[in-house]
Novice: 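Take a look at this one; I'll ask things after.
Just so you know, these numbers come straight off a predicted model, no measurement behind them. Letters go in sequence order (proteins before strands), and every chain restarts at 1. No hydrogens, no waters, no symmetry mates; every other heavy atom, side chains included, goes into these values.
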Amino acid sequence: MSQPSSSAEQYDGQSGRSRYRPQEIEPKWQRFWLDHKTFKVEVDLQKPKYYILDMFPYPSGTGLHVGHPEGYTATDIIARYKRMRGFNVLHPMGWDAFGLPAEQYAIETGTHPRDTTARNIGTFRRQIQSLGFSYDWDREISTCNPDYYRWTQWIFLKLYERGLAYMAEVPVNWCPVLGTVLSNEEVIDGKSERGGHEVIRKPMLQWMLRITNYAERLLAGLDQIDWPDSVKEMQRNWIGRSEGARIRFHLCTPEGARFSEGDAFFDVFTTRPDTLFGATYCVLAPEHPLVDRVTTAAQRDAVEAYRQEAARKSDLARTDLVKEKTGVDTGGYVLNPATGTPIPIWVADYVLITYGTGAIMAVPSGDQRDWEFARRFDLPIIEVVKGGDIGKEAYVGEGPHVNSGFLDRLNVADAKKKMTAWLKEHGHGEGTVTYKLRDWLFSRQRYWGEPFPVIHVDGQPYPLSANDLPLVLPEVESFRPTGTGEPPLAAVREWVETVAPGTGKPALRETNTMPQWAGSCWYFLRFVDANNAERPWDTDKERYWMPVDLYVGGVEHAVLHLLYSRFWHHVLYDCGLVSTPEPFQRLVNQGMILGFSYRYYEDAAGNCYSFHQVQKIVQDGAEEPTYVLAARPDVALTVRYAPVEQVRWKDEKPYHPEEAELELEPQQDKMSKSRGNVVNPDAVVAEYGADALRCYEMFMGPLEQVKPWNTRSVAGVSRFLARVWSLLIGDTGEVRPQVSDEPADRQAHLTRQYHKKIKKVSEDLDGMRFNTALSALMEFVNEAQKAERLPRALAEGLVLALAPFAPHLAEELWQRLGHADTLAYAPWPTYDPELVKDETLTVAVQVNGKLRATIEIAAEADQAATLAAARGHEKVQLHLEGKTVRREVVIPGKLVNFVVT
RNA sequence: GCCGGGAUGGCGGAAUAGGCAGACGCAGUGGACUCAAAAUCCACCGCCCCGCAAAGGCGUGCGAGUUCGACUCUCGCUCCCGGCACCA
């Protein structure tokens, strides 16, 4: 590998001085890395592998913001570090390219989503490459490419074969304005996540994936992986396992005579079967199929009215935060299997049709919701566990059972066991487990997604053969949904109408497409063998590279993407197609980068006010506060933002760009266009360079932490890089004479510092503590600047240690130091443990726990010598004078404490 | 309401097997270089008391506790951020 020349381009003709010029060296090295495919990898059984992955970006039209490079820089640093440590590093990048925004843009402008997406990918790629990330670009993939989605369809067929994909008529979130069905995740407060349009519920025949079959394994798998506890906890909550019992209740007359029909019953799920003796009524969800059956003629109108109201309420989602329970008596009765007495059946919307069986047994003494409901409607409350005051609230704690027949005097755990056994024995029910997790609605009424490899013959779905893949998206006249709920693909008759292979019967193609999650559920597998035209991936390559050793991305994917892709991976594992059940061994979430925004307020007439004049009003239950003029609370105000680059500064305070006296209120907010606080990485690169941006993003604070962007601090990091440059390179562009070829003096202060800092940087990189690693490098550079000579070995070690953080600068310096090869695979600098130890130690001397002096002692000084030195210090003597020493605490090499009275 | 995370100078943050709080950087102040400015370099930079300094006192959200010693451990609060919200 030969390198481009480092010539006079660095030489500043005007001042005659060579300076650190990132704008010149960065494109040079980026070109070099691409031209030489420096980061291309293949399977190498001689080397340990390391698979390091960034979460798949969606290439939006707005390009990168400074949040993207945070995670990408972290992974790039680890990738470069691991290469220097001798690992074979797989570090790929690609595009989650299907998705609604390109389709929305197509509807508005007629531009094909393919073209929009290609353009956006171009922008993303250019921006990412301008930051010097060490991706293997030969593995770049895009989910909207038929060579890729062919295999997404292939995996769908695997799911179908295993009975994990099925069609069901389900009420879906239908958004008339977008003309599409949205997933629950895309609906926020009853409005579409994108655009804020109204969403209503509408039944539709949909593809579903049976993720619930894997609930138990998805839960168990969490124990095997190294993820943040908070993310594991979120997944556990999302899966929502609860253990209890299914209990059968038989319909009966008000007098308790059991109906004879075989289907005159419903099941409830309860986690507290031990409280069955306290069940004084049952509640059905409004949507429960048995509601009509149990409702008496007298109650029919009331029940029907309530059901309609409840249906409307769910359309408005949960904006109605009324805490008070509502419900209606159906007039029907069931037998309590434990007591044999009839209890009434009610309908109430606090029971959810989507959880458990959609019906509950209500135990007002043991469940606060049931208690509130019973109080409201004057239903009986019977104590079954002693210990609380059921006149005031439900008691959920531990205690002996009472009023419970054969359970009396038992504790909760034993009573649960005994009741569960009793239920089974008498045919009233059995122990069971329920999950909150629902099956995954996998259809979208959109154009820009993977077509399902399915045809319908006589109303029955049939999968295509794997040989017929990819089933390519046809061209359409219009991207607009048909408006009836039928997807755009339904309009392409010549594509939709086909014949069944074999029988030749007329058939219709499936016109739904897959959701965006589909492509991102397995992309990490395609990366191991991205260009394989025969198979989705080669199993030997999969076995070598998988699992992903380090996966970095935003916490917003904590549940959905990470749960869905784990689900697919478990299925592929069961198919024998992958070698590990879990795809991502270690997960790290980077914290969001906030931007400073500058607020002021405006009234309806267009008058502007500073935050000093404004009062904030937070109403109970309201999500957003409202603002009024402090002097005139009847004047409602709207929040406005001054764009960050237009803010004027006066005496350290921000002011409005036009209104001279209008002081702005600085706030840290999530970056967004509307707040005018978005920082574009292109601008930062243009001014300070990619290395400075990378280093700043790492220097801001711990990776996982939320932190505010401060452009002024970028300049500080940029100065550090310039100091490294001028430490090694003189005015002429040549290596400074101070960088001497004589071997480093082992005893020299600078040598010892060097070994300490290399140790610190190595350990911090292992622990992904990038901010403190950079601090250590800065400290070394500060020391080296003071020294008269810098031995070459130390200079080279510094360059290598800096390389993962500021690779362009490091490559340039490495070249000028006389190396012909890239430093990407140079061995990571080592340290000598002997030189890391201090010769003398600074020991703190305390009297009664207060610091009074510090003393320098030899590293090998024993306890007695330390104590003597401490006593000898004049300040210490001053504080010991006239006192009795009760105790002497000596922590070797650290501290001495005299306890005196 | 529940679950998870957090609170340290003017700002971002350092410091955990309990042992010198404020590393490193930003901002600020003073100085050097310069005709001047920028850049660069040097010094100072938690708060209070104080003419200055020394000496002293106070300081890691609040209140207790354990300990010779607590940013760090225990208990009880407050506030902030993220997630889920009638999950039987």
Novice: Does this structure show an ion pair linking A:Arg307 with A:Asp349, if we count only N-O contacts that are shorter than 4.0 Å?
Specialist: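 Salt bridge between A:Arg307 and A:Asp349, a charged N being under 4.0 Å from a carboxylate O: no.
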
Novice: Any carboxylate oxygen within less than 4.0 angstrom of a Lys/Arg side-chain nitrogen, looking at A:Lys757 and A:Glu783?
Specialist: no

Novice: Under 4.0 Å between a side-chain N or O of A:Arg236 and OP1 or OP2 of B:rC84?
Specialist: no

Novice: Identify whether any heavy atom of A:Val351 sits under 4.0 Å from a base atom; if not, whether one sits that close to sugar-phosphate; answer base, sugar-phosphate or nothing.
Specialist: base

Novice: Respond yes when some side-chain nitrogen or oxygen of A:Asn782 is under 4.0 Å from OP1 or OP2 of B:rG25, and no when none is.
Specialist: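 For B:rG25, OP1 or OP2 has a side-chain N or O of A:Asn782 closer than 4.0 Å.
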
Novice: Can you tell me the base-pairing partner of B:rC58? Count Watson-Crick or G-U wobble geometry only, both distances below 3.5 Å, and say none if there is no partner.
Specialist: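 By the stated definition (distances under 3.5 Å), B:rG46 pairs with B:rC58.
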
Novice: Under 4.0 Å: is that the gap between some side-chain N or O of A:Ser242 and OP1 or OP2 of B:rA88?
Specialist: yes

Novice: For B:rC26 and A:Arg719 - does any side-chain N or O of the residue sit under 4.0 Å from the phosphate oxygens OP1/OP2?
Specialist: yes

Novice: Could you give the distance separating B:rG57 and B:rG61 at their C1' atoms, to the nearest angstrom?
Specialist: 22 Å

Novice: Please give the distance between the P atoms of B:rA70 and B:rG18 as a whole number of Å.
Specialist: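 About 14 Å, rounded to a whole number of Å.
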
Novice: Please determine which of A:Phe720, A:Tyr688, A:Trp709 meets the side-chain contact (heavy atoms from CB on, under 4.5 Å) test together with A:Tyr696.
Specialist: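 When A:Phe720, A:Tyr688, A:Trp709 are each tested with A:Tyr696, the side-chain contact (heavy atoms from CB on, under 4.5 Å) holds only for A:Trp709.
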
Novice: Is a salt bridge present between A:Glu372 and A:Arg369, judged by a nitrogen-to-oxygen distance below 4.0 Å?
Specialist: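 The answer is no: the pair does not qualify as a salt bridge.
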
Novice: What does A:Thr854 touch in the nucleic acid at a heavy-atom separation under 4.0 angstrom: a base, only the sugar-phosphate, or nothing?
Specialist: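 Base contact.
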
Novice: With a 3.5 Å cut-off and just heavy-atom distances, do the side chain of A:Lys894 and the base of B:rC20 make a donor-acceptor pair?
Specialist: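 Looking at the base of B:rC20, it does not pair with any donor or acceptor on the side chain of A:Lys894 (distance under 3.5 Å).
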
Novice: Where the side chain of A:Arg723 is defined as all heavy atoms beyond and including C-beta, which of B:rC87, B:rG56, B:rC41 is the nearest nucleotide?
Specialist: B:rC41

Novice: Are the charged groups of A:Arg769 and A:Glu763 less than 4.0 angstrom apart, N to O?
Specialist: no

Novice: Rounded off to whole Å, could you give me the CG-to-C1' distance for the A:Asn710 and B:rA27 pair?
Specialist: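 These atoms are roughly 9 Å apart.
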
Novice: Under a 3.5 Å cut-off for both distances, is B:rC35 Watson-Crick or wobble paired, and to whom?
Specialist: none

Novice: Between A:Lys232 (side chain only) and A:Leu222 (backbone N and O only), is there a donor and an acceptor less than 3.5 Å apart?
Specialist: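 Yes; judged by distance alone, with no hydrogens or angles, the pair exists.
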
Novice: Tell me what A:Gly240 touches on the nucleic acid: a base, only sugar-phosphate, or nothing, going by heavy atoms under 4.0 Å.
Specialist: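 The answer is nothing, as A:Gly240 stays clear of every strand by at least 4.0 Å.
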
Novice: Could you work out the separation of B:rG63 and B:rC68 based on their C1' atoms and round it to a whole Å?
Specialist: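 Comparing C1' positions in B:rG63 and B:rC68 gives a spacing of 24 Å.
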
Novice: Can you find a side chain N or O atom of A:Gln705 that sits less than 4.0 Å from OP1 or OP2 on B:rG13?
Specialist: yes

Novice: So, does A:Arg712 get its side chain near the phosphate of B:rC26, meaning an N or O under 4.0 Å from OP1 or OP2?
Specialist: no

Novice: Rounded to whole Å, please give me the gap between CD in A:Glu856 and P in B:rC20.
Specialist: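 Interatomic distance, CD of A:Glu856 to P of B:rC20: 15 Å.
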
Novice: Give a yes/no on whether any side-chain N or O of A:Arg376 is located under 4.0 angstrom from OP1 or OP2 of B:rC86.
Specialist: no

Novice: Provide, to the nearest angstrom, the distance between the CD atom belonging to A:Glu687 and the P atom belonging to B:rA38.
Specialist: 17 Å

Novice: Look at the side-chain N and O atoms of A:His879 and state whether any lies under 4.0 Å from the OP1 or OP2 oxygen of B:rG56.
Specialist: yes

Novice: Could you tell me how far apart A:Lys850 (NZ) and B:rG59 (P) are, to the nearest whole angstrom?
Specialist: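 Atom NZ in A:Lys850 sits about 8 Å away from atom P in B:rG59.
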
Novice: Check this one for me: any side-chain N or O of A:Asn771 less than 4.0 Å away from OP1 or OP2 of B:rA14?
Specialist: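 Result: yes.
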
